[in-house]
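Everything below concerns the one structure shown next.
Just so you know, these numbers use all the heavy atoms, side chains as well, and skip hydrogens, waters and symmetry mates. Bear in mind that the values here come from a model prediction, so they are computed numbers and not experimental data. Proteins get letters first, then strands, A, B, ... in listed order; numbering begins at 1 in each.
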Amino acid sequence: MTDETPKRSNFITDIIDEHNRIGRFDGRVHTRFPPEPNGYLHIGHAKAIVLDFGIAQDYGGKTNLRFDDTNPVKEDVEYVDAIKADIRWLGFDWEDREFYASDYFEQLYEWAIKLIKKGKAYVDELSPDETREYRGTLTQPGKNSPWRDRPIEESLDLLARMRAGEFEDGSITLRAKIDMAHPNPLMRDPVMYRVLHAEHHRTGKAWCIYPTYDFTHGQSDSIEGITHSMCSLEFENHRPLYDWFIQELEIFAPQQIEFARLNLTHTVMSKRKLRRLVEAGLVDGWDDPRMPTLVAMRRRGYPPAAIRAFIDTVGVAKSENFIDVELLEHIIRDTLNETAKRRMAILNPVKVIIDNYPEDKEEWFDIPDFPYDANSATRKVPFSREIYIEADDFMESPPPKYFRLCPEREVRLMNAYYIKYKDIVKDEEGNILEIHVTYDPESHGGQTADKRKVKGTIHWVSARHAVDAETKLYEQMFLDKYPEDLPEGENFIDHFNKDSIEVLQAKLEPSLAEAEIGEVFQFVRDGYFTLDPLTSTPEKPSWIRTLSLVDSWAKMQK
RNA sequence: UGGGGUAUGGUGCAAUGGUAGCACACCGGACUUUGAAUCCGUUGAUCGUGGUUCGAAUCCAUGUACCCCAGCCA
């Protein structure tokens with residue numbers, strides 16, 4: 001990937017620098033991104049991805065993609081394909097290092113036997129409920145299972161029979177023998193294997209016992225020679241356990257480093273909650289443009305480079321954080337401002353008739369894609385007697401400082417002519433049918449020889465040439481800044497912003513008929529737009545507003 | 001009443017014993033053929049209390065607040 005950002009520097013790179021200084025990993029930096037294929041990736045995962053891949057890149061190291069697929073009942077290939085597509089879209093490459101924890105099932109099984117033989121693991125016949133009771137509480141120690149000291153040979157035999165399918169789900173487990181009184185409950189003889197008669201998306205029916213995440217993750221890192229294993233804060237409590245397994249197994253020891261995950265205002269980030277929005281039908285799916293998922297952001301026209309830049313600017317630390325979604329939007333706009341060609345489109349059209357412009361005349365202006373770039377390419381835009389302008393760009397009795405079309409003001413039609421209000425035609429209810437104006441033929445191109453000042457510039461589309469298209473405008477899914485932090489008894493799902501989508505029938509300049517999927521344009525004075533890759537067709541174009549422009553006029557009105 | 005973490009402007013991140021800085025947001029102003037962008041400027045912070053030191057966000061003591069852990073989820 002292009003080197004667009006300076007080398008990252010944060011508490012993680014401090015640790016790596018220290019390792020390099022003392023020679024702990026011989027200068028190697030090898031990371032991994034370890035998703036569970038049980039859902040779609042969201043912007044929070046993007047933080048992990050950018051950190052895992054980005055830091056390795058900065059140090060000339062490598063990053064593995066490893067699916068942590070130890071729970072067959074929740075996982076599916078559908079998700080592995082989607083996850084791979086998202087990571088590629090973000091701009092990262094794991095080359096040939098695509099791994100699965102399930103690749104290590106046989107090795108893990110051998111290691112389980114090794115621990116039994118060392119007297120460090122035993123087969124336990126406590127039920128799930130009993131296991132919980134025996135574990136104790138946060139403040140009280142647990143007590144030993146009656147099976148804890150059974151003979152090694154017996155455990156070995158039982159484990160083999162577990163694998164052979166002799167036991168029901170939940171009836172028996174393999175547990176590590178650590179310390180039932182340990183202050184960290186994760187160290188109180190954690191389960192290593194459970195019986196699960198379920199088909200796995202990769203290993204099929206080969207197994208009916210599956211290792212737990214805790215008995216898998218650290219060893220998977222070890223097998224792959226991972227040096228720095230980044231994960232989120234809640235796994236800090238697990239680190240002593242991973243280290244215990246690694247030490248007892250006498251295998252390569254990676255360094256786990258925990259960081260605070262990303263939270264965004266005005267949205268929810270947990271897979272469970274996102275799934276609820278989908279299942280409740282409040283959004284169209286995981287790729288609904290309002291969702292914080294990467295599929296949604298891609299569909300919406302967010303550039304992956306902007307997402308990377310966003311992650312770099314929010315930084316990384318160990319304190320819980322909530323990023324204002326405005327920062328994300330700022331960086332998206334910042335990127336798009338550089339790359340999006342300018343076009344004219346009218347979302348809420350009102351017709352304007354230029355009385356002194358000949359009825360049969362039409363002109364084609366060459367208008368630059370990037371008006372501030374002297375070398376910009378141009379496109380042809382037709383002009384004629386009848387045009388559309390935004391309904392907001394005309395007011396009969398405007399407030400002070402209203403610079404758009406109104407009875408007492410001359411305004412500029414962008415790149416075309418100056419016009420002046422003449423009169424107005426309304427229907428019986430008072431709705432504006434058409435606005436009549438006159439134009440100044442001397443103002444061709446939007447300026448005059450006398451250099452007179454025209455404060456307002458509005459955009460327009462020739463009525464005769466306009467292309468019809470649906471446009472979809474989105475707002476935040478939640479008006480609440482922290483939709484997960486609600487008063488007692490309230491449910492986040494009831495706070496969903498039902499007005500977060502608005503569909504309009506717009507009039508576009510004709511060049512937009514040639515737009516391609518994936519291209520993002522700036523519809524001048526409104527926002528950034530892209531064709532909906534899922535629903536748009538040449539016959540029925542459908543545009544998504546990626547993001548509106550900052551509207552300081554609207555802000556002033558408040 | 002266990003253990004593990006974290007506290008710096010509204011938000012996020014820096015400053016690693018020596019002038020508390022950057023970004024977003026906010027508020028002013030300039031410019032403008034996008035009320036965008038750009039440019040300039042103004043507010044505003046070290047969780048509390050003691051201590052060490054010429055000097056503390058940083059070191060020590062103590063207190064407080066918040067987060068995580070009692071799945072055979074990850």
Side-chain angles (χ1 to χ4, degrees), chain A residues 9-10 14 34-36 38 68-71 73-75 101 124 126-128 131-133 135-142 169-175 181-188 190-196 209-210 212-214 216-217 231-240 258 260 262-263 265 271 313-331 333-334 337-338 342 344 367 371-372 401-404 411-416 418 443 445-447 454-459 481 522-527 548-556:
Chain A
S9 172
N10 52 53
D14 288 349
E36 183 189 16
N38 70 341
D68 268 337
D69 54 351
T70 55
N71 187 353
V73 309
K74 289 189 174 179
E75 295 150 9
D124 190 10
L126 252 26
S127 71
T131 305
R132 190 178 331 111
E133 284 163 32
R135 185 159 28 231
T137 70
L138 294 180
T139 51
Q140 293 167 309
D169 287 9
S171 62
I172 193 165
T173 59
L174 179 72
R175 300 177 70 179
H182 197 107
N184 179 353
L186 285 162
M187 298 295 272
R188 320 237 258 234
V191 172
M192 295 161 58
Y193 269 91
R194 75 281 212 193
V195 178
L196 237 38
I209 56 171
Y210 291 92
T212 57
Y213 175 84
D214 280 340
T216 305
H217 191 82
C231 64
S232 46
L233 251 27
E234 67 266 30
F235 292 104
E236 206 147 17
N237 295 329
H238 297 240
R239 178 153 38 95
E258 307 85 10
L262 175 72
N263 295 291
T265 58
K271 281 182 194 169
T313 82
V314 300
V316 57
K318 293 190 72 163
S319 60
E320 299 281 347
N321 59 81
F322 254 96
I323 310 294
D324 286 334
V325 73
E326 288 82 2
L327 176 59
L328 206 215
E329 294 180 345
H330 169 264
I331 290 171
R333 287 189 184 100
D334 212 38
N337 183 42
E338 302 292 321
R342 271 53 171 177
M344 291 195 288
I367 301 182
Y372 304 105
K401 295 201 177 157
Y402 184 81
F403 303 140
R404 287 110 94 141
V411 299
R412 172 165 37 231
L413 294 175
M414 189 182 284
N415 292 299
Y418 293 175
S443 60
Q447 52 193 330
V454 173
K455 180 77 180 168
T457 300
I458 63 175
H459 58 111
K481 191 166 185 179
Q522 186 193 100
F523 289 3
V524 132
R525 299 212 307 133
D526 189 280
S548 67
L549 253 28
V550 172
D551 188 350
S552 54
W553 168 247
K555 215 180 287 178
M556 264 170 70

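With distances taken from any side-chain atom of A:Lys401 to the nucleotides B:A74, B:G3, B:G35, the minimum falls on B:G35. Among the nucleotides B:U6, B:C73, B:A14, the one closest to the side chain of A:Asn71 is B:C73. Side-chain proximity of A:Thr139 to the nucleotides B:G2, B:A74, B:U32 is greatest for B:G2. Ranking B:A36, B:U6, B:G3 by closeness to the A:Lys318 side chain, first place goes to B:U6. Of the candidates B:A36, B:C69, B:G71, B:A36 carries the atom nearest the A:Ser552 side chain, counting heavy atoms from C-beta on. Checking B:C72, B:C69, B:G71 against every side-chain atom of A:Pro128, the shortest atom distance belongs to B:C72. Here the side chain of A:Asn321 is nearest to one of B:C13, B:A74, B:G35, namely B:C13. Distance from the side chain of A:Asp334 is smallest to B:U38 among B:C72, B:G4, B:U38. Distance from the side chain of A:Ser319 is smallest for B:A7 among the nucleotides B:A7, B:U34, B:G71. In the set B:G35, B:A74, B:G71, the nucleotide with an atom closest to the side chain of A:Phe235 is B:A74.
Side-chain contact between A:Glu36 and A:Lys74: present, with at least one pair of heavy atoms (C-beta onward) separated by less than 4.5 Å. Looking only at side-chain heavy atoms (C-beta outward), A:Lys481 and A:Asp324 come within less than 4.5 Å of each other. Proximity of A:Ile331 to A:Thr313: side-chain heavy atoms (C-beta onward) are separated by under 4.5 Å at one or more points. The closest side-chain heavy-atom distance from A:Asn321 to A:Ile323 is below 4.5 Å. Contact check for A:Arg404 versus A:Trp553: side-chain heavy atoms found under the 4.5 Å cut-off. Within the 4.5 Å cutoff, the side chain of A:Ile458 has heavy atoms near those of the A:Leu413 side chain.
A distance of about 10 Å separates the C1' atoms of B:G29 and B:U42, rounded to the whole Å. When the P atom is compared between B:C26 and B:G4, the two are found 42 Å apart, to the nearest whole Å. Taking atom C1' on both nucleotides, B:C67 is separated from B:A14 by 23 Å, rounded to a whole Å. Nucleotides B:U32 and B:A23 place their P atoms 25 Å apart, quoted to the nearest Å. B:A45 and B:G5: their C1' atoms are spaced 23 Å apart (whole Å).
Looking only at distances, no side-chain donor or acceptor of A:Asp124 sits under 3.5 Å from a matching main-chain atom of A:Arg175. Using modelled atom types, no side-chain atom of A:Asp214 and backbone atom of A:Pro190 make a donor-acceptor pair closer than 3.5 Å.
A:Arg135 comes within contact range of the sugar-phosphate backbone alone, with a heavy-atom separation under 4.0 Å but no base atom that close. Using a 4.0 Å heavy-atom cutoff across all strands shown, A:Val73 reaches no nucleic acid atom at all. Heavy atoms of A:Leu138 sit under 4.0 angstrom from at least one base atom. If you check every strand for non-hydrogen atoms under 4.0 Å, A:His238 touches a base. A:Glu258 comes within 4.0 angstrom of no nucleic acid atom, judged by non-hydrogen atoms across all strands. In this structure, A:Asp14 reaches the bases: a heavy-atom distance under 4.0 Å links it to at least one base atom across the strands shown. No engagement by A:Lys271 is indicated, since no non-hydrogen atom pair under 4.0 Å with the nucleic acid exists.
When rounded to the nearest whole Å, the span between CD of A:Glu320 and C1' of B:U8 equals 17 Å. Look at CD on A:Glu234: it is 16 Å from P on B:G71, rounded to the nearest Å. Between the P atom of B:C73 and the CG atom of A:Asp69 lies a distance of 15 Å, rounded to the nearest Å. At whole-Å resolution of the value, CG in A:Leu262 and P in B:C13 are 10 Å apart. If you take CG of A:Leu233 and C1' of B:C69, they are 12 Å apart, rounded to a whole angstrom. Between the C1' atom of B:C73 and the OH atom of A:Tyr210 lies a distance of 15 Å, rounded to the nearest Å. Spacing between atom CZ of A:Arg175 and atom P of B:G71 amounts to 11 Å, rounded to whole angstrom units. A:Phe322 has its CZ atom 11 Å from the C1' atom of B:U11, to the nearest Å.
Side chain A:Gln522 to base B:U34: a donor-acceptor pair is found below 3.5 Å. Judged by distance alone, with hydrogens and angles left aside, A:Arg404 brings a side-chain donor or acceptor within reach of the base of B:G35, the pair sitting under 3.5 Å. If you check distances only, the side chain of A:Asn237 does reach the base of B:C68 with a donor-acceptor pair under 3.5 Å.
Judged by Watson-Crick or G-U wobble contacts below 3.5 Å, the nucleotide B:C22 has B:G12 as its partner. Pairing for B:G55 is absent, judged as Watson-Crick or G-U wobble with the two contacts each under 3.5 Å. Using Watson-Crick or G-U wobble geometry with both donor-acceptor distances under 3.5 Å, B:G41 finds its partner in B:C27. Across all strands shown, B:A7 is found opposite B:U64 as a Watson-Crick or G-U wobble partner, with both distances under 3.5 Å. Pair assignment for B:G2 gives B:C69, based on Watson-Crick or G-U wobble hydrogen-bonding distances that are each under 3.5 Å.
The shortest distance between the side-chain N/O atoms of A:Thr70 and the OP1/OP2 oxygens of B:A74 is below 4.0 Å. Contact annotation: A:Arg342 does not reach the phosphate of B:A36 (side-chain N/O to OP1 or OP2, under 4.0 Å). For A:Arg239, no side-chain nitrogen or oxygen approaches OP1 or OP2 of B:G5 to under 4.0 Å. Phosphate contact (OP1/OP2 of B:U34, side-chain N/O of A:Tyr372, threshold under 4.0 Å): present. Residue A:Arg194 places at least one side-chain N or O under 4.0 Å from the OP1 or OP2 atom of B:C73. The shortest distance between the side-chain N/O atoms of A:Ser9 and the OP1/OP2 oxygens of B:A14 is not below 4.0 Å.
Of the two residues contacting RNA chain B, namely A:Leu196 and A:Phe523, the nearest-nucleotide position lying further toward the 5' end is that of A:Phe523. If A:Lys481 and A:Lys74 are placed on RNA chain B by their nearest nucleotide, the residue sitting closer to the 5' end is A:Lys481.
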Nucleic acid footprint by protein, nucleotides 22-29 of chain B - heavy-atom cut-off 4.0 Å, B for base, S for sugar-phosphate alone: --S-S---

Side chain to side chain contact (heavy atoms under 4.5 Å, CB included) assessment of A:Asn71 paired with A:Leu196: CA-CA 9 Å; A:Asn71 187 353; A:Leu196 237 38; 4.1 Å; yes

Chi angles and distances behind the side chain to side chain contact (heavy atoms under 4.5 Å, CB included) call for A:Val314, A:Leu327: CA-CA 9 Å; A:Val314 300; A:Leu327 176 59; 3.8 Å; yes

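In textbook terms, a nucleotide whose glycosidic angle is within 90° of 0 is syn, and B:G71 is one such case.
With A:His217 as reference, A:Asp68 is the one residue of A:Asp68, A:Thr212, A:Thr70 to meet the side-chain hydrogen bond (donor to acceptor under 3.5 Å, both in side chains) rule.
In this structure, A:Tyr213 and A:Phe235 have tilted ring planes: the angle between them lies in the 30° to 60° band.
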